[in-house]
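Inspection log for the structure reproduced underneath, given as structure tokens.
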Amino acid sequence: MFSVPLLTTVISLCYTTLAFPSYGSLAGLSKEQRDWIIPTLQQQAPIPPPGPLKDTSAKLVNDAAHPWKPLRKGDMRGPCPALNTLASHGWLPRNGIATPAQIVDAVQEGFNMENGLAIFATYAAFLVDGNVITNQLSIGGKSKLTGPDPPAPAIVGGLNTPGVFEGDASMTRGDAFFGDNHDFNETLFNEFVDFSNRFGGGKYNLTVAGELRFQRIKDSIATNPNFSFVSPRYFTAYAESTFPINFFIDGRQTDGQLDLNVARNFFQNSRMPDGFFRHNGTSGAQGIDSIVEVHPIEPGSNVGCVGNYVVDPTSANFSQFCLLYTNFVGKTIGGLYPNPTGVLRKALNTNLDFLFRGVSDSGCIQVFPYGKS
């Protein structure tokens, strides 16, 4: 006769198998859960990320082939305004479920993002928040169309998962501690507007970015007892402060001044202005150094309570970029997938190879947590 604990385990594993969404992350699942789930998934071989664009000129991207459309029931949107916008204009699948190669292609074609950054950011998010077996990632969270959530300790899947691609101290999204880290936050956008008026003459620019980034860090230190500001979030927080300047300003405009109405449309409505041209030439996180230097702060987190910010000497910082890569692969991915085998190990190794392409020109040495295959 089955014992109650064993029967409960079997039921939960069957439930996971039946309900597990194709874009749900396998990260954090036990070996037993993975062994049940993986055979049920439609395996899709990883597709190599596209290379750099040949034509990097400014060009119309809010065009007849990519009109803005309102959300349909079940469409995914999440904490990243850029990806939300690309999906709402059809540069990504409009349902918000995409392969990493599709995302790399979309951020290049739609915004002229530099190829290395596009690859590294996409595959870092995918390896943690996506499903490496089905090669699918949600740019938001769970969908009612996929059935009930899988049981803990699974990461449900999608960029709504805090701490990696997105995290605390966002400009227009709240900290996960307060319950919603992915929806547009009017209060935070009002702060964005206030700082743009005070420091940018009514526009968002690098001067505003430096002041607002520091304010958002101080806000989280003062209000969020779980505030975490270590790698990789330490890097993505500063990078996201540059993105509105580098990607949300029309490519024919060269003054680096983002109109606040345009900003609201991107942040809140996932919508490009009519006649919008992408950036002229590839771009990435240009300006990040000036933002960091205005109010330097080391990686760290609140420990035990609000206001107790403690520096973390083990986290990568801007003088140790390759440590960002090695810690992410060795600690983050290695911790989520401690002993992968079979098709899972092969898929992880392939996607880790793709991830390294994004930093291969930075002098970093490739890490092989699961050996070479």
Side-chain angles (χ1 to χ4, degrees), residues 16-27 37 40-47 49-50 61-111 113 118-119 121-150 154-162 164-166 172-173 180-184 247 265-272 276 278 347 351 354:
T16 301
T17 301
L18 292 171
F20 199 81
S22 64
Y23 59 84
S25 175
L26 298 171
I37 291 168
T40 73
L41 299 176
Q42 184 175 354
Q43 297 177 23
Q44 180 177 333
I47 301 170
V61 289
N62 185 3
D63 56 13
H66 301 92
W68 181 86
K69 291 184 179 181
L71 297 183
R72 305 160 300 185
K73 184 178 180 180
D75 284 350
M76 299 285 194
R77 297 296 182 269
C80 180
L83 295 183
N84 293 344
T85 299
L86 291 170
S88 290
H89 280 273
W91 286 101
L92 283 173
R94 292 184 184 270
N95 66 358
I97 309 297
T99 69
Q102 286 176 318
I103 294 175
V104 173
D105 183 64
V107 296
Q108 291 190 133
E109 291 286 356
F111 289 129
M113 181 177 283
I119 290 174
T122 297
Y123 282 89
F126 174 65
L127 280 159
V128 174
D129 297 336
N131 191 311
V132 296
I133 300 297
T134 63
N135 203 38
Q136 297 287 321
L137 172 68
S138 165
I139 67 170
K142 58 184 177 290
S143 167
K144 293 180 180 178
L145 300 178
T146 63
D149 295 345
I155 297 175
V156 174
L159 297 186
N160 289 0
T161 305
V164 183
F165 191 84
E166 301 294 332
T172 62
R173 269 65 177 171
D180 184 354
N181 70 328
H182 50 275
D183 290 322
F184 175 81
F247 301 122
N265 258 334
F266 274 106
F267 283 117
Q268 182 177 16
N269 302 321
S270 309
R271 188 168 189 167
M272 299 175 182
F276 183 75
R278 71 183 186 186
N351 283 289
F354 294 158

Heavy-atom side-chain proximity of [X] to [Y] below 4.5 angstrom:
X      : Y      : answer
Phe354 : Pro46  : yes
Ile139 : Ile97  : no
Leu159 : Ser138 : no
Leu83  : Leu92  : yes
Phe126 : Asn135 : yes
His66  : Met272 : no

Considering all heavy atoms, the nearest [X]-[Y] contact:
X      : Y      : answer
Val132 : Ala347 : O-CB, 3.4 Å
Arg173 : Phe267 : NH1-O, 3.1 Å
Ile119 : Pro50  : CD1-O, 4.2 Å
Pro49  : Val104 : CB-CG2, 4.4 Å
Arg94  : Pro67  : NH2-O, 2.9 Å
Thr122 : Pro100 : CG2-O, 3.5 Å

Supply the atom-to-atom distance [X] [atom1] to [Y] [atom2], rounded to the nearest 0.5 angstrom.
X      : Y      : atom1 : atom2 : value
Asn131 : Gln43  : CG    : CD    : 10.0 Å
Leu71  : Ser270 : CG    : OG    : 7.0 Å
Asn160 : Cys80  : CG    : SG    : 11.0 Å

Residues in side-chain hydrogen bond (donor to acceptor under 3.5 Å, both in side chains) with [X], at least two apart?
X      : value
Asp180 : His182
Gln108 : Asn115
Asn265 : Asn269

Side-chain donor or acceptor of Trp91 paired with backbone N/O of Val61 under 3.5 Å: yes
Residues which pass side-chain contact (heavy atoms from CB on, under 4.5 Å) with Gln268, listed by chain and number, not counting sequence neighbours: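 In terms of side-chain contact (heavy atoms from CB on, under 4.5 Å), with neighbours along the sequence ignored, Gln268 is linked to Phe184, Glu186, Arg264.
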Pairwise salt bridge (Lys or Arg N to Asp or Glu O under 4.0 Å) hits with a residue in residues 102-111, at least two apart: Lys59-Glu109, Glu109-Arg278
His89 vs Arg271, side chain to side chain contact (heavy atoms under 4.5 Å, CB included): CA-CA, chis, key distance, verdict: CA-CA 7 Å; His89 280 273; Arg271 188 168 189 167; 4.2 Å; yes
Residue list, ring-ring contact (aromatic ring centres under 6.0 Å, His included) with Phe266, at least two apart or on another chain: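 Partners of Phe266 under the ring-ring contact (aromatic ring centres under 6.0 Å, His included) test: Phe248, Phe276.
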Pairwise side-chain hydrogen bond (donor to acceptor under 3.5 Å, both in side chains) hits with a residue in residues 76-88, at least two apart: Arg77-Ser88
